[in-house]
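Pasting in a structure now, in structure tokens, and then I'll have a few things to ask.
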Number of protein chains: 2
Amino acid sequence: MTLNVLSNRYAVAVPVTQSDVALRAGVSRALVSLVFRDATNVSDQSRARVLLAAEELGYRPNMLARSLASKKVRTIGVLLNDITNPFFVSMYVELSDAAQDAGYDVLVGPGLRSVAQERTLLGTLLGHRVAGLILISPLMKASELNRIIAGYPAVSIARDMNLDGADFVTNDELVGARLGVRHLVDLGHERIVHLSGGFSRSAVHRKRAFLRAMSELGLAGSARVIEGDFTEEAGRSAAREIIRCRADETAIFASNDLVAVGAMGVLEASGVRVPEDVSVLGYDNSVISDLQMISLTSIEQPLRDFGRASIRLLLERIDGERDTRVSLEFEPRLIVRRTTARRAIR
Amino acid sequence: MTLNVLSNRYAVAVPVTQSDVALRAGVSRALVSLVFRDATNVSDQSRARVLLAAEELGYRPNMLARSLASKKVRTIGVLLNDITNPFFVSMYVELSDAAQDAGYDVLVGPGLRSVAQERTLLGTLLGHRVAGLILISPLMKASELNRIIAGYPAVSIARDMNLDGADFVTNDELVGARLGVRHLVDLGHERIVHLSGGFSRSAVHRKRAFLRAMSELGLAGSARVIEGDFTEEAGRSAAREIIRCRADETAIFASNDLVAVGAMGVLEASGVRVPEDVSVLGYDNSVISDLQMISLTSIEQPLRDFGRASIRLLLERIDGERDTRVSLEFEPRLIVRRTTARRAIR
DNA sequence: TCGTCTCATTAGCGCGCGCTAATGCTTCGC
DNA sequence: GCGAAGCATTAGCGCGCGCTAATGAGACGA
């Protein structure tokens with residue numbers, strides 16, 4: 001590490017208030033307030049003088065004071081658990097974009113899969129009196145969460161819990177599973193193994209959806225599940241298991257892209273070709289699935305829709321336009337790439 | 001899209017203030033304030049009664065009012081441009097983590113590589129009177145940026161511009177280039193092509209560092225540069241170029257991992273084996289380089305150090321402990337994986 | 001010239017909390 | 001029993017701005 005001292009001049013920011021602007025413009029403070037609130041009943045002349053003075057002084061309305069006085073906060077709090085998951089981060093990007101369009105700032109509480117931390121973060125967000133909360137895959141028990149966010153406008157994403165205070169946005173797992181299973185079956189596969197994401201709610205839902213989609217096609221008997229979690233290592237481990245016991249499955253339906261990629265890595269290293277010997281299907285359509293070297297067929301979760309819809313639902317509640325609790329399910333899409341192919345006759 | 005109405009009960013949050021707590025605890029409002037500021041001179045009995053009342057009412061100090069009154073804001077603003085770059089996002093994660101440890105919240109201004117948007121976001125952050133600014137790879141002209149952030153504590157990451165008001169944190173490009181070049185040369189490579197990230201400052205720096213590292217080893221004559229940008233497509237395009245003109249380079253030093261992966265995809269699709277026929281080296285050591293299917297040798301930028309150092313520098317300035325401008329350069333590390341190998345004799 | 005009507009402008013309170021000088025209450029020593 | 005000393009508590013102003021009732025200034029007709 002190298003440290004260089006570049007100079008020793010530091011200006012200090014001078015806080016400029018409405019009073020300063022009023023003084024310079026030769027009007028009352030309240031008039032400055034009116035101008036910055038775009039109120040009517042201000043002569044063009046006065047308005048111009050105020051704006052000029054503000055520009056000259058570098059004045060910016062103090063959001064803190066404004067929120068305090070108006071009792072309206074233009075900030076949305078996002079609880080993001082966990083931040084190391086690229087899928088959730090992409091979600092956040094969309095959310096932030098949508099919020100910005102609606103004229104709201106976003107205050108993030110980025111967590112690392114710890115309930116205790118989640119508690120702290122929620123406290124911070126509520127301390128800021130955010131206008132509403134977006135909860136991305138929260139870990140906390142529903143009862144506690146309900147108590148904490150009681151009365152706050154809130155939307156929960158990717159976790160369908162009993163939050164009596166929150167609306168809910170997710171993707172339709174059953175549709176996703178059907179898309180994937182049907183695609184594989186259309187390619188001639190029958191024996192399909194699901195690499196489960198473990199015992200979190202979303203993982204369990206995805207697994208159930210897979211099993212149901214299989215049995216809908218009369219393939220309940222040839223469906224198999226290997227438990228794991230949502231990591232690449234879980235995919236690798238599952239692939240080793242598959243190879244070790246000479247499984248006769250010809251297709252893999254992974255619970256997310258990372259798991260799929262992990263499995264592919266081990267398979268190819270062991271001489272099992274994808275998709276010639278075995279087809280692999282991911283979930284999420286995350287950035288890695290689109291890399292040419294990976295080119296993973298995947299189920300796309302409509303992140304953009306999630307983001308837009310969440311903000312919209314939240315604003316409806318913030319503005320009091322709706323007093324019913326609502327859940328939205330978006331349909332995922334199949335993105336076919338190069339890891340799935342017709343089953344080889346062997 | 002499916003919409004379900006789940007219920008029609010919505011509680012409304014009742015804002016609880018210090019006065020409410022004071023009333024319930026049977027004390028004055030100021031005493032409640034003292035308790036929540038951990039002041040001395042409060043009897044244990046009073047403290048307990050206040051805390052109990054607060055708990056019962058679900059009171060939380062209002063950060064807005066607190067910041068306004070104390071003139072101290074415990075929020076740091078982060079200008080993040082651009083948010084679609086995973087490298088910058090990882091940086092943000094580290095920053096956010098470090099800030100949290102220091103007891104600060106983080107307000108993000110997530111940009112999409114637009115100067116106009118950057119202006120707006122900075123305005124928002126300053127409107128919130130954040131205690132300090134972290135600028136991740138800002139696009140704006142130095143002169144304008146200087147004017148806007150004048151007097152504000154600020155740290156710039158990954159852009160070594162003339163910001164007289166900001167400290168500066170980056171990785172030592174020359175060290176990184178030397179690590180990469182020396183690694184390849186040690187493996188017997190001499191003719192090395194650099195896939196440049198284009199004409200942004202950091203890309204130009206990286207290119208220059210590459211050329212300098214080459215000439216230090218007496219290989220100036222066998223160094224080549226293909227211009228591009230920081231995307232996967234740029235890597236693909238460069239690889240096509242390399243194949244088309246039957247280039248005799250045996251190693252590729254890409255300006256980042258995404259570019260490297262793009263190049264590898266095209267090379268392998270064209271029958272050029274990595275690393276048997278050509279070695280490929282990335283930069284950043286981002287998540288994708290560690291995927292087993294990719295396993296890209298890369299130069300690791302010490303993100304964690306970046307994050308910690310940035311926050312530390314910023315706090316030093318916020319707390320007025322330092323009035324000199326400072327720049328920090330961290331040394332990157334070489335992470336050897338499977339895309340680089342000894343040059344084949346052909 | 002005077003009163004009325006209209007509209008731009010202002011005075012002043014409130015938002016929730018930080019902070020300090022002043023107040024009230026104990027306790028103690030002599 | 002009295003004053004001093006030590007603490008716990010309170011009253012009250014200020015932070016920067018939103019908001020409304022009240023004020024002032026013109027414009028107009030009679």
Side-chain angles (χ1 to χ4, degrees), chain A residues 13-51 53-54 57-75 103 105 123-124 126-131, chain B residues 13-51 53-54 57-75 103 105 123-124 126-131:
Chain A
V14 190
V16 182
T17 72
Q18 277 190 347
S19 303
D20 300 327
V21 178
L23 199 66
R24 184 175 188 102
V27 298
S28 74
R29 186 190 63 75
L31 181 58
V32 180
S33 171
L34 285 176
V35 169
F36 276 93
R37 278 180 289 142
D38 284 327
T40 56
N41 292 2
V42 176
S43 65
D44 290 345
Q45 187 189 346
S46 299
R47 183 183 302 276
R49 286 176 58 190
V50 167
L51 289 178
L57 294 174
Y59 168 75
R60 245 178 255 282
N62 184 328
M63 297 305 295
L64 276 60
R66 169 173 287 185
S67 299
L68 185 62
S70 69
K71 301 187 126 187
K72 282 175 199 153
V73 183
R74 303 283 291 182
T75 302
D105 310 319
T124 300
L126 293 180
H128 278 270
R129 300 291 190 272
V130 291
Chain B
V14 190
V16 182
T17 71
Q18 277 191 347
S19 303
D20 300 327
V21 178
L23 198 67
R24 184 176 189 102
V27 298
S28 74
R29 185 191 62 75
L31 182 58
V32 180
S33 171
L34 286 174
V35 170
F36 277 94
R37 280 180 288 143
D38 283 329
T40 55
N41 292 3
V42 176
S43 66
D44 290 345
Q45 186 189 347
S46 300
R47 181 182 305 276
R49 285 176 59 191
V50 167
L51 289 178
L57 294 175
Y59 167 75
R60 244 178 256 281
N62 184 328
M63 297 306 296
L64 277 60
R66 169 173 287 184
S67 299
L68 185 63
S70 69
K71 303 187 120 185
K72 282 176 201 153
V73 183
R74 303 283 292 182
T75 303
D105 310 319
T124 301
L126 293 181
H128 278 271
R129 300 292 190 270
V130 291

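The chains referred to below are lettered A, B, ... by the order of the sequence lines, with proteins before strands, and numbering in each begins at 1.
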- Message: Can you give me the first and the last nucleotide of DNA chain C (5' to 3') that has an atom within less than 4.0 angstrom of a non-hydrogen atom in chain A?
- Response: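 Boundary nucleotides touching chain A, in 5' to 3' order, are C/dA8 to C/dG16.
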- Within a strict 4.5 Å, meaning less than it, do heavy atoms of the B/Val32 and B/Val35 side chains meet?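 They are not in contact (no side-chain heavy atoms under 4.5 Å apart), so the answer is no.
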- Message: Restricting to side-chain contact (heavy atoms from CB on, under 4.5 Å), what partner residues turn up for A/Ala30, sequence neighbours left out?
- Response: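 If we apply the side-chain contact (heavy atoms from CB on, under 4.5 Å) test to A/Ala30, skipping adjacent residues, the hits are A/Ser28.
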- Of the residues in residues 59-67 of chain A, which ones touch DNA chain C at a heavy-atom distance under 4.0 Å? none
- Message: To the nearest 0.5 Å, what is the distance between CG on B/Leu31 and CD on B/Gln18?
- Response: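 Atom-to-atom, B/Leu31:CG and B/Gln18:CD are 9.5 Å apart.
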- Task: Name all pairs fulfilling the salt bridge (Lys or Arg N to Asp or Glu O under 4.0 Å) condition that reach into residues 28-45 of chain B, sequence neighbours left out, sorted by first residue then second.
- Result: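 Listed by first then second residue: nothing to list.
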Hey, can you pull the donor-acceptor pairs under 3.5 Å for the side chains in residues 57-69 of chain B, sequence neighbours left out?
{"from": "B/Asn62", "atom 1": "OD1", "to": "B/Leu64", "atom 2": "N", "distance (Å)": "2.8"}
{"from": "B/Asn62", "atom 1": "OD1", "to": "B/Ala65", "atom 2": "N", "distance (Å)": "3.3"}
{"from": "B/Ser67", "atom 1": "OG", "to": "B/Met63", "atom 2": "O", "distance (Å)": "2.9"}

- Task: Using the test salt bridge (charged side-chain N to carboxylate O under 4.0 Å, His left out), find all partners of A/Arg24 that sit at least two apart in sequence or belong to another chain.
- Result: A/Glu56
- Task: Return the set of residues passing side-chain hydrogen bond (donor to acceptor under 3.5 Å, both in side chains) with B/Ser46 (not counting sequence neighbours), or none when no residue passes.
- Result: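 Testing B/Ser46 for side-chain hydrogen bond (donor to acceptor under 3.5 Å, both in side chains), a comparison that skips the adjacent residues, returns B/Ser43.
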- Task: First locate atom CZ of A/Arg74, then atom NZ of A/Lys72, and finally report the distance between them rounded to the nearest 0.5 Å.
- Result: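 Between atom CZ of A/Arg74 and atom NZ of A/Lys72 there are 9.0 Å.
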- Task: Check the pair A/Leu23, A/Asp20 against side chain to side chain contact (heavy atoms under 4.5 Å, CB included), reporting the backbone distance first and the verdict last.
- Result: CA-CA 5 Å; A/Leu23 199 66; A/Asp20 300 327; 5.8 Å; no
- For A/Val42, report the nucleic acid contact type (base, sugar-phosphate, nothing); a contact means any heavy atom under 4.0 Å. sugar-phosphate
- With A/Asp105 via side-chain hydrogen bond (donor to acceptor under 3.5 Å, both in side chains) - residues at least two apart: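 A/Asp105: side-chain hydrogen bond (donor to acceptor under 3.5 Å, both in side chains) contacts with B/His128.
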- Item | Upstream residue (5' side of DNA chain D) when B/Gly26 and B/Ser70 are each assigned their closest nucleotide | B/Gly26
- Using rotation axes that map the C1' atoms of four end pairs onto the next four (five pairs an end), what angle separates the end axes of the helix from C/dT1-D/dA30 to C/dC30-D/dG1, to 10°?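 Between the first-five-pair axis and the last-five-pair axis there is 60°.
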